[in-house]
Protein chains: 2
Amino acid sequence: MDDVARLAGVSTATVSRALRGLPTVSTATRERVLAAAEQLDYAVSPSASRLAGGRTGTIAVVVPRITRWFFGTVVEAVEEFLHEAGYDLLLYNLGGREQTRQRVLRTTNLPKRADGVILVATPLRPTDLTALAALDLPGVTISSGSAVPGWPCVRIDDVATARTATRHLLDLGHRRIAHISGDPDDELAFTTHLDRRRGYQDALHAAGVRPDPSLDVESQFTIDGGARATEELLRRGDPPTAIFAASDEMAMGSISTLREAGLRVPQDVSVIGVDDHDLAGVLGLSTIAQPAADQGRLAARLLLDPLRATTLDPLRASVLGPLGAPLDPAAGDGTATTSVILPTRLVVRESTAPPRAH
Amino acid sequence: MDDVARLAGVSTATVSRALRGLPTVSTATRERVLAAAEQLDYAVSPSASRLAGGRTGTIAVVVPRITRWFFGTVVEAVEEFLHEAGYDLLLYNLGGREQTRQRVLRTTNLPKRADGVILVATPLRPTDLTALAALDLPGVTISSGSAVPGWPCVRIDDVATARTATRHLLDLGHRRIAHISGDPDDELAFTTHLDRRRGYQDALHAAGVRPDPSLDVESQFTIDGGARATEELLRRGDPPTAIFAASDEMAMGSISTLREAGLRVPQDVSVIGVDDHDLAGVLGLSTIAQPAADQGRLAARLLLDPLRATTLDPLRASVLGPLGAPLDPAAGDGTATTSVILPTRLVVRESTAPPRAH
DNA sequence: CTGAAAGCGCTTACAG
DNA sequence: CTGAAAGCGCTTACAG
């Protein structure tokens with residue numbers, strides 16, 4: 001930076017300002033600095049910049065399992081948004097390891113590594129919430145059960161989504177509709193499966209069908225979880241004519257088990273999932289599509305907008321107007337949790353049909 | 001850190017040494033420092049540590065698309081290894097954006113952000129190689145077409161893998177065997193599809209079958225790419241009795257198209273892929289399984305072992321012996337490229353069967 | 001085995 | 001609009 005300053009005939013302070021685009025630099029000076037930096041192929045040292053400026057230019061993204069469709073898709077969208085904005089992405093994949101969760105949420109002194117964090121479907125205990133609040137770090141959650149005070153939350157309406165899926169099966173004439181969802185080991189405040197179960201029950205009630213507990217099986221949100229839940233369902237005898245799986249991956253596991261058991265989909269059993277997984281089309285799986293990439297992009301934006309606004313000179317920020325303004329007015333007060341709810345939509349393919357008796 | 005030093009009654013230099021486990025600290029002192037740090041809930045500032053020490057404690061991981069099975073699985077394994085070793089992971093998802101590739105490989109001054117880089121199946125032009133060499137950064141490639149001088153490479157034997165797949169089809173009695181693979185837009189030095197094509201042709205030749213160019217279609221390594229390649233194949237008339245797809249995702253797209261065209265798998269057309277994708281079982285897809293997670297773990301280890309060795313005091317490193325030693329002696333000379341080749345294995349499921357005429 | 005001191009390369013009040 | 005100077009919080013020779 002000294003070299004650049006010398007070449008441009010200014011101080012390093014001015015080089016710093018010019019390179020960051022601060023408005024308090026005359027156009028002529030800025031151009032001279034930029035030219036000098038270019039000529040010397042200079043780029044600021046992130047380490048020094050962080051230490052002196054207190055900003056890391058990095059966002060931490062925490063997902064349960066990057067290999068699952070929803071999380072991979074979210075991360076891809078977040079990554080693109082962040083990198084286009086000049087931010088780096090630190091990836092934390094919990095992978096079911098409780099200790100990792102602890103480390104990420106506590107010890108890691110995240111605030112010194114990142115300017116903000118995006119928590120995707122990360123289960124949070126009350127103590128975790130306290131820990132997060134203590135970090136005093138900007139953050140956004142995606143499809144999180146437990147809202148973090150002051151953090152925006154991007155998600156879909158899980159209850160409505162489940163209702164739509166169940167109603168689709170009801171409309172086809174099904175009455176014995178099973179539901180596979182949830183994680184039995186999950187004593188954490190992760191409510192996605194609870195919400196989806198509620199929507200399922202709501203829809204049944206609205207149609208005058210009393211939910212049969214023996215048709216409601218808990219398992220993991222994975223292919224394997226869906227397979228095992230379906231095995232359990234079949235083991236109980238008197239199988240359902242339709243299954244609403246809480247995710248496409250569960251639905252795929254379910255279909256696999258049904259076929260192995262000699263049951264045809266949809267002739268013997270209809271199956272519907274949630275997600276619109278990349279492979280849903282290949283498998284002919286009916287589903288409720290949710291916009292995973294949009295949720296990622298939006299979360300990244302909600303996180304970055306305020307960060308970028310405070311980076312700007314206050315004067316300029318007021319001139320820029322909308323750029324600095326939070327997407328939702330309510331997000332501004334620092335403690336309220338703004339939920340942005342994105343729409344889902346029914347996609348009917350070949351895995352759902354009227355029951356045979358019809 | 002000043003506080004810790006004061007509480008422990010030593011200098012900050014000693015605190016620094018004790019906390020990093022350097023061997024030049026007496027046990028008593030170390031314990032006092034650790035206790036003080038614990039008591040004050042102290043953790044070093046990464047920014048300051050980086051600036052002063054020159055090490056970032058971070059590894060950059062570059063993948064083409066995190067949403068594809070192979071890359072997601074690799075990243076998950078790498079993430080676990082890195083975090084257990086106390087390193088952070090910076091994710092770069094190329095996503096087909098050429099400019100991102102440029103930025104990552106050049107401008108980003110990677111060496112100031114990461115201590116090393118893992119390049120997963122990243123196409124490299126000769127100029128990229130020059131750029132990488134100029135970075136003077138430790139790195140490892142996974143399944144890269146172009147070897148980077150001095151970097152270890154972890155991969156499978158693509159030629160042998162393709163040969164095995166093709167031979168499986170030949171053994172079943174197929175003679176009209178199509179191949180879908182490759183990226184027609186790929187003028188980069190990414191050789192995976194070339195190697196797989198060669199294995200395919202080798203196997204045909206060995207069986208006395210002359211490869212039919214009209215049965216060899218190029219497309220993308222995706223579900224959609226497989227679907228389109230298969231459409232093209234059917235459009236050409238006189239369809240094959242079997243298809244060897246260069247990846248499971250392509251195979252899945254292929255199956256989808258075949259079914260839409262009214263062809264049954266495997267009765268009318270057999271299909272085999274490469275990967276052993278999570279959903280290969282659900283789809284009954286025969287495939288050549290490759291160890292994606294193992295490749296990720298191994299790459300991370302090959303990258304970290306030398307880094308950690310140089311972090312240690314030379315004296316201690318020699319005491320520790322094997323820890324500091326490179327996995328492969330040849331990896332040590334700094335310019336040779338060591339390839340570690342992991343085994344693949346044929347997994348026969350329901351998508352392959354003898355041709356009907358049989 | 002330990003400490004004093006320099007220095008890593010920036011950013012930020014502060015003053016002008 | 002710009003500069004001089006302090007300081008961000010560590011690590012590392014160097015000396016002992």
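Please read all numbers here as calculations on a predicted model, not as lab measurements. Throughout, a chain's letter reflects where its sequence line sits, starting with A, and its residues are numbered from 1. Note that these values count all heavy atoms, side chains included, but never hydrogens, waters or copies made by symmetry.
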Novice: Considering only side-chain heavy atoms of A13(B), which listed nucleotide, dT12(C), dT11(D), dT12(D), is closest?
Specialist: dT12(D)
Novice: To the side chain of V10(A), which of dT12(C), dT2(C), dG3(D) is closest?
Specialist: dG3(D)
Novice: Measure from the side chain of A52(B), starting at C-beta and using heavy atoms only, and say which of dC8(C), dC10(C), dT2(D) lies closest.
Specialist: dC8(C)
Novice: Of the candidate nucleotides dG3(D), dG9(C), dT11(C), which contains the atom at the shortest distance from the side chain of L51(A)?
Specialist: dG9(C)
Novice: Establish, with yes or no, whether the OP1 or OP2 oxygen of dT12(D) is under 4.0 angstrom from a side-chain nitrogen or oxygen of R55(B).
Specialist: yes
Novice: Atom CD of E31(B) and atom P of dT2(C): how far apart are they, to the nearest Å?
Specialist: 12 Å
Novice: Should S11(B) be listed as having a side-chain N or O under 4.0 Å from OP1 or OP2 of dG3(C)?
Specialist: yes
Novice: Quick one: D115(A) CG to dT11(C) P, roughly how many Å, whole number?
Specialist: 13 Å
Novice: Tell me whether R20(B) contacts the main-chain N or O of S16(B) through its side chain, where contact means a donor paired with an acceptor under 3.5 Å.
Specialist: yes
Novice: Side-chain donor or acceptor of R17(A) under 3.5 Å from a matching atom on the base of dG3(D)?
Specialist: yes
Novice: Should dA4(D) form a Watson-Crick or G-U wobble pair with both distances under 3.5 Å, which nucleotide is its partner?
Specialist: none
Novice: With respect to the phosphate group of dT11(C), does any side-chain polar atom (N or O) of T12(A) fall under 4.0 Å of OP1 or OP2?
Specialist: no
Novice: Please compare V44(A) and T14(B) by the position of their nearest nucleotide in DNA chain C and report the one closer to 5'.
Specialist: T14(B)
Novice: Mind checking whether I66(B) and I66(A) have side chains closer than 4.5 Å, heavy atoms only?
Specialist: yes
Novice: To the nearest Å, how far apart are L22(B) CG and dC1(C) C1'?
Specialist: 12 Å
Novice: Is R20(B) close enough to dT12(D) that one of its side-chain N or O atoms is under 4.0 Å from OP1 or OP2 there?
Specialist: yes
Novice: Look at the side chain of T73(B) and the backbone N and O of A293(B), then say whether any donor-acceptor pair between them is shorter than 3.5 Å.
Specialist: no
Novice: On DNA chain D, nearest-nucleotide positions of V25(A) versus G54(B): which is more 5'?
Specialist: V25(A)
Novice: In the structure I gave you, are the side-chain heavy atoms of Y87(A) and L304(A) within less than 4.5 Å of one another anywhere?
Specialist: yes
Novice: Going by atom types alone, do T130(B) and T127(B) pair a side-chain donor with an acceptor below 3.5 Å?
Specialist: no
Novice: I need the CG-C1' distance between D2(B) and dA4(C), as an integer number of Å.
Specialist: 13 Å
Novice: May I ask you to test the L119(B)-I142(B) pair for a side-chain heavy-atom distance under 4.5 Å?
Specialist: no
Novice: Using atom CZ of R113(A) as one end and atom C1' of dG9(D) as the other, report the distance to the nearest whole Å.
Specialist: 14 Å
Novice: Kindly point out which of dG9(C), dC10(D), dC1(D) is positioned nearest to the side chain of A48(A)?
Specialist: dG9(C)
Novice: Please state whether the phosphate of dC8(C), meaning OP1 or OP2, lies under 4.0 angstrom from any side-chain nitrogen or oxygen of R50(B).
Specialist: no
Novice: Let me know the distance between CZ of R6(A) and C1' of dG9(C), rounded to the nearest Å.
Specialist: 14 Å
Novice: Is any side-chain nitrogen or oxygen of S16(B) closer than 4.0 Å to OP1 or OP2 of dT11(D)?
Specialist: yes
Novice: For the C1' atoms, the ones on dT12(C) and on dG16(C), what distance do you get once it is rounded to whole angstrom?
Specialist: 16 Å
